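Some notes on the structure that comes next.
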Amino acid sequence: LALRQTHGTVISFPPRFTPVRPIGEGASGVVFEALDVALGIPVAIKVLRRVSPKTLARFKREARTFSEMAHDNLVDVHGLYEHDGRWFIAMELLNGMDVVRHCGVVPDPAHRGVATASLSREGFGDESAVSVAEAASGGIPTRLREANYPQIRKVFLQILEALGALARAGVVHRDIKPSNVLVESS
């Protein structure tokens with residue numbers, strides 16, 4: 001039985017899974033890299049943080065929806081598990097980076113916690129860097145670093161394809177954010 005502690009909480013994993021390390025965290029749960037001992041493959045395990053009838057229903061619906069969908073731009077779900085009163089979703093472990101890092105967004109040292117970017121802005125005039133805060137307040141659009149528009153367009157079209165597949169299945173993804181969009185190197 002594998003145990004892992006996160007924020008003072010001990011998590012007992014189903015015997016089938018050996019946790020390796022935490023790889024992400026959100027409002028509803030924590031995601032760990034783990035080894036699926038039965039299949040002999042690395043997986044991602046999402047652990048539901050707090051169980052209520054509403055959160056458990058949503059968690060089960062998420063597992064069921066993704067396990068029934070086959071789409072190149074959506075993660076494959078291997079199964080839903082319960083162990084010692086905790087709920088787990090086992091899914092494909094992606095080796096990639098979040099979409100913001102992939103697109104070249106970097107922290108702006110002049111604006112703590114504010115991101116800037118530096119893509120070549122073909123046809124948009126000067127190349128001066130501005131913060132996201134400046135851009136949001138009506139300033140010059142954010143600049144992105146050394147990425148190219150065809151590649152960024154390709155990534156965002158894939159995101160839209162995935163969201164479209166979910167929408168056609170009657171699902172609204174309620175947690176779209178850059179850290180939830182991973183871009184694989186392949």
Side-chain angles (χ1 to χ4, degrees), residues 1-103 105 113-115 132-133 136 155-184:
L1 190 64
L3 301 175
R4 191 67 163 197
Q5 187 169 359
T6 177
H7 296 291
T9 302
V10 174
I11 298 173
S12 174
F13 282 75
R16 176 179 178 152
F17 302 103
T18 303
V20 175
R21 65 188 174 95
I23 56 175
E25 187 170 357
S28 66
V30 180
V31 180
F32 290 87
E33 177 182 347
L35 175 65
D36 183 329
V37 178
L39 297 177
I41 61 170
V43 294
I45 301 288
K46 184 175 184 178
V47 183
L48 184 60
R49 190 184 310 275
R50 289 178 212 73
V51 178
S52 72
K54 185 176 182 178
T55 60
L56 182 55
R58 187 176 289 156
F59 198 70
K60 287 180 174 181
R61 188 171 46 248
E62 175 185 345
R64 185 176 47 253
T65 298
F66 279 88
S67 68
E68 293 171 353
M69 295 192 73
H71 192 280
D72 288 343
N73 300 316
L74 294 172
V75 68
D76 292 330
V77 168
H78 303 301
L80 175 69
Y81 302 87
E82 185 274 335
H83 181 74
D84 286 346
R86 286 215 183 262
W87 287 87
F88 304 81
I89 296 175
M91 63 189 99
E92 171 185 17
L93 178 66
L94 299 177
N95 292 313
M97 65 178 67
D98 72 59
V99 70
V100 172
R101 285 184 39 224
H102 176 78
C103 290
V105 175
V114 177
V132 171
V155 168
F156 281 93
L157 284 173
Q158 290 176 15
I159 293 168
L160 292 173
E161 288 171 6
L163 291 173
L166 289 170
R168 285 186 295 282
V171 176
V172 175
H173 194 301
R174 298 164 46 112
D175 198 20
I176 292 295
K177 58 187 176 189
S179 61
N180 283 350
V181 178
L182 296 179
V183 180
E184 290 186 289

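Everything quoted here is computed from the prediction, not taken from an experiment.
Listed by chain and residue number, Trp87 satisfy the side-chain contact (heavy atoms from CB on, under 4.5 Å) test with Glu82 (two or more places apart in sequence, or in another chain). Applying the ring-ring contact (aromatic ring centres under 6.0 Å, His included) test to Tyr81 and every residue at least two apart in sequence or in another chain returns Phe17. When the salt bridge (Lys or Arg N to Asp or Glu O under 4.0 Å) test is applied to Lys177, the partners found at least two apart in sequence or on another chain are Asp175.
Closest approach of Val77 and Ala63 over heavy atoms only: CG1-O, 3.8 Å. Across Val75 and Phe66, no two heavy atoms sit closer than the pair O-CD2, 3.9 Å.
With a 4.5 Å cut-off on side-chain heavy atoms, Phe13 and Val47 count as touching. Side-chain contact between Val51 and Phe59 is absent, with no heavy atoms from C-beta onward closer than 4.5 Å. Residues Phe88 and Pro14 have side chains in contact (heavy-atom distance under 4.5 Å, counting atoms from C-beta outward). Under the 4.5 Å side-chain criterion, counting only non-hydrogen atoms from C-beta, Ser12 is in contact with His83. Considering only heavy atoms from C-beta on, Asp98 stays 4.5 Å or farther from Val181 through its side chain. Using a 4.5 Å heavy-atom cutoff, the side chains of Glu62 and Ile89 are in contact. Contact of the Arg49 side chain with the Glu25 side chain is registered, since non-hydrogen atoms from C-beta on lie closer than 4.5 Å.
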- Task: Begin from the C-alpha positions of Ser28 and Arg50 and carry the test side chain to side chain contact (heavy atoms under 4.5 Å, CB included) through to its verdict.
- Result: CA-CA 7 Å; Ser28 66; Arg50 289 178 212 73; over 6 Å; no
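The line from CG of Leu80 to CG of Leu48 is 9.5 Å long, rounded to the nearest 0.5 Å. Within the model, atoms CE of Met91 and NE2 of His78 stand 9.0 Å from one another, a figure rounded to the nearest 0.5 Å. Rounding to the nearest 0.5 Å gives a distance of 11.5 Å between NZ of Lys46 and CD1 of Ile23.
Residue pairs meeting the side-chain hydrogen bond (donor to acceptor under 3.5 Å, both in side chains) criterion with at least one partner in residues 63-73, sequence neighbours excluded, are Asn73-Glu161.
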Please tabulate, one pair per line, all N/O donor-acceptor pairs under 3.5 Å involving side-chain atoms of residues 163-170, not counting sequence neighbours.
from   : atom 1 : to     : atom 2 : distance (Å)
Arg168 : NH1    : Gly164 : O      : 3.2

Counting only pairs under 3.5 Å, give me each side-chain donor-acceptor contact of residues 29-45, with atom names and distances, residues two or more places apart or in other chains.
from  : atom 1 : to    : atom 2 : distance (Å)
Glu33 : OE1    : Arg21 : NE     : 2.9
Glu33 : OE1    : Arg21 : NH2    : 3.2
Asp36 : OD1    : Arg16 : NE     : 2.9
Asp36 : OD1    : Ala38 : N      : 3.0
Asp36 : OD1    : Leu39 : N      : 3.1
Asp36 : OD2    : Arg16 : NE     : 3.1
Asp36 : OD2    : Arg16 : NH2    : 3.0

